[in-house]
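These notes are about the structure you will find just below.
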Amino acid sequence: MPQTTPSLRDLEQHDAFVGRHIGPNDAEIASMLATVGHPSLEALTDAIVPASIRSPAPLALADSLTEQEALARIGAIAAKNQVFRSFIGQGYYGTHTPPVILRNILENPAWYTAYTPYQAEISQGRMEALINFQQMCADLTGMEIANASLLDEATAAAEAMTLARRSAKSKSNTFLVAGDTHPQTLEVLRTRAEPLGLALEVVRSTDAFHQKLAAGDYFGVLVQYPASSGWIEDWSADAQVIHDHQALFVVATDLLALALLKPPGEMGADIVVGSSQRFGVPLGFGGPHAAFMACRDAYKRSMPGRLIGVSVDSEGNPAYRLTLQTREQHIRREKATSNICTAQVLLAVMAAMYAVYHGPDGLTRIAGRVARLTAILAAGLRQLGHAVVHASAFDTLCIDPGDAGARILERARQAQINLRVRGNGSICISLDETTTRADVEALWAVFAADGAALPSVDAIDAHAPSLIPERLRRTSAFLQHPVFNTHHSEHELLRYMRALADKDLAMDRTMIPLGSCTMKLNATAEMMPITWPQFADIHPLAPADQVEGYRQLVGELEAMLAECTGYDAVSLQPNSGAQGEYAGLLAIRAYHASRGEGHRNICLIPESAHGTNPASAQMCGMKVVVTRCDANGNVDMEDIRRAAEKHSANLAAIMLTYPSTHGVFEEDVVEICRIVHDHGGQVYTDGANMNALVGVAKPGHWGSDVSHLNLHKTFCIPHGGGGPGVGPCAVKSHLAPFLPRALATDGMRTDGTGDGPMVSAATHGSASILPISWMYITLMGAAGLRKATQVALLNANYISSKLAPHYRTLYTGRNGLVAHECILDIRPLEKATGIGAEDVAKRLVDFGFHAPTLSFPVPGTLMVEPTESESLHELDRFIDAMIQIREEIRAVEDGRLDREDNPLRHAPHTALQVSASQWPHAYPRELAAFPLPSLKQQKYWPPVSRVDNVHGDKNVFCACIPVDAYREQEA
Ligand SMILES: *Cc1c(COP(=O)(O)O)cnc(C)c1O
């Protein structure tokens, strides 16, 4: 017999990406299928997914590419973007990302694959970084407290508006805004005010503004400081007037400027918002960047977004945790202070590290250099005969070019320089950390009349006055805490970042089996393009002819997502899932209004829904009617039918999650769509669970009208420790006109651009991370995406069946199968032994695992979503841990372990506890630390023991731990 040589085609298969993304190989898939009792992936899919919704045809997407091929293709797209020098400003500035931060935070999976820090014990590192962020924002703004990031400056301003409404004593309905505020902020304020019935009054002239201030008819007032066109003013007297009228004073500001300027907190501001982008985070065509909100301590319980606080662990040592979560939509639902869930953690960590690295002196020097170059530029422009409009400035000059405007802009274009042109024809120039002497000279050359002699930087430096008036200079110290004054050499910073990362569990060490959050592989090849200059260094308002690559990327991704979901148009503007919900509900609202049915305001939401659903509905001015679920975890059809009939005249929408948050494919979904449509409502499908659907079924085809997707779940954007995210809003054609519009000054429209109000500051939201999802879809191809979904279903069912003898899976669907996740019911065990879901979650840490989703959507349960990326080996490791934990619970049941003093109640165990001379427990140390022999090879030690939640909420403390506390600890 001739020896068979493998064909070239077979050998090439080695490079296929699909097998690298999907954990189990085909032999493992076969054995797992045997465990769950189905002959093939196709048979399993048919058994799980109702025939009424299954897609008959494969996805119309290209075949999979290898990593090299896909990188080459996206490289060609990137090459179509042109990187000009940007002096556009308007809230986005050039910055040098310190290489040590670029590589060891932004490009480091220990940081970018982490989850939101709900499990405090395994998240101490990133929470320390976030508390540095909070301290940095509070210090620079001169405020008492700051949160751990918001989505962008514009939405932060909108959140400040509603915080002011909740907190001000004034009964007025008006929010007053000084006109020289960034245009995107005005857009989003308008969007948010309208459905809530708030009157937004934008006052252009300074005189009129002061008259309005004196008249006092407002609950809050917002000014931009420095103003959008650059001038700076002391608002202290105005703050007094505002307070006299029982209203709140909101300041939108710039952190770098505040290194030199009197901070808003010293002028009487109540709430301060802004972006931390220029602290080392690339422009990225508009995002993602971390916005912030700082406020008076009095408003902390009403503040939106996540807040890191300091509590103690069971040993009394300081430990960080997410504090005051009772404000959040998970608990407060339609009464929540905001719908924000995913925020911008990774970017907040970067900005905080930038401040840690440069310290107060470094930041002052960087800001000082920007201000000095600005003053020199201004003096030179005056010398060249130009009218610089404002006398004061930090980094931005506004020039009235007279009739030289067109000539200046043409010269700028030739010199590859982008300037900002305002509606009134004036030209703004913003300098930043990256600006050099050569840039200033190049700008002079652009503005000089033909043949004019150019000024000299050094000559002007000798006499140009500062543009920061004496009374506006900062005198107060900031960033005095040791963390901002220690890590200034690269070695020190490198080791600090490494030490923090080592405290945490992210996906670079273990599966993160979080239900609803789809923590799947974030492949390196998917991540690589985001830091390429052609994607990273582009201003969101760069002229359309410089961003052909972005236009292609956005257009192709919109089309891919439309194909995956069965919808007709997709907007990539929303920068989180919750923002996508908001955009989708606004589209529904506008659609009803366009048909003369603007009175429709009832939104049906099943009780099992994610908290962002009711919170978003409320923000759209809708009234939430909660419908029940039945004993099998399904939404209660009869209750929906009753509610739809009862509210027929006013029914606006239903929000359904599919497959449901209970982890099942409900049979009735098509019928529910029909009922809601019959009563004039629209169907919103929460697409957070698309990982169970891609390539198998399409919401747009079974009757749904709109969905948001979470690209940071299903489409591989890493979770970043709690952001960034992208929450595209996908709609059927009748809703497409109501998708968010492009920023007026930005020509870059795509198919997903509508005429609806903007929901984010930038036209394409978190544009610079879109390559990740584009790469994922391109690498997987149509067949790979379908297989990924099937293996996600298989992995969940494998865990559910392997654990069946030990834990009850609470809900199952057709044929006793679950969808892509399963809910393990701990409540019966708790009744028998006192060991609850939280004890199991914390005990998993001793095994080196991140806990599943705890007590959502059902209290006392754990929701496990393994995703297709987890290998059989990793699934079995998790199953072994869960079985061992069940044995321990059984030992408590049998009396072999004490009901109180057992390893579950005291989990997790720190190295300090286990190695201490005193061991106070009734169970052995070895059981505490090494409950399975495999842990002796690789062991994760949590840096703190169980964190005290009650203490943290009673004693809210959200700043860096004072130095004294460390000293006391050491003593
Ligand atoms: C994650 C999630 C959301 C919210 O998405 P964010 O990106 O965090 O705003 C909404 N619904 C469900 C079911 C989710 O799992």
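Both counts, for ligands and for their atoms, begin at 1 and track the order of listing.
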Parallel, tilted or perpendicular: which describes the rings of [X] and [Y], with under 30° parallel and over 60° perpendicular?
| X | Y | answer |
| --- | --- | --- |
| Tyr776 | His21 | tilted |
| His850 | Tyr115 | perpendicular |
| His712 | His719 | tilted |

Please check whether [X] reaches ligand 1 - meaning an N/O of the residue sits under 3.5 Å from an N/O of the ligand, judged on distance alone.
| X | answer |
| --- | --- |
| His708 | no |
| Asp686 | yes |
| Gly577 | yes |
| Thr342 | yes |

Hey, would you say the Phe849 and Phe878 ring centroids sit under 6.0 Å apart?
yes
Is the distance between the ring centroids of Phe856 and His610 under 6.0 Å?
yes
Judged by modelled atom types alone, do Tyr582 and His708 share a side-chain donor-acceptor pair under 3.5 Å?
no
For ligand 1, note which part of Ser576 has a heavy atom under 4.0 Å away: side chain, backbone, both or neither.
both
Shortest heavy-atom approach to atom 9 (O) of ligand 1 - which of Gly722, Gly687, Ala578, Pro857
Ala578
Please write down residue, atom name and distance for the protein heavy atom closest to atom 5 (O) of ligand 1.
Asn710 ND2, 3.0 Å
Nearest neighbour in protein (non-hydrogen) for atom 2 (C) of ligand 1:
Lys713 NZ, 2.4 Å
Close approach of His712 to ligand 1, heavy atoms, under 4.0 angstrom:
yes
Does the side chain to side chain donor-acceptor pair (under 3.5 Å) test come out yes or no for Ser660 and Ser608, once each step is laid out?
CA-CA 8 Å; Ser660 76; Ser608 60; 5.7 Å; no
List every atom of ligand 1 that sits less than 4.0 Å from any heavy atom of Glu581, numbering the atoms from 1 in the order shown and giving each element.
10 (C), 11 (N)
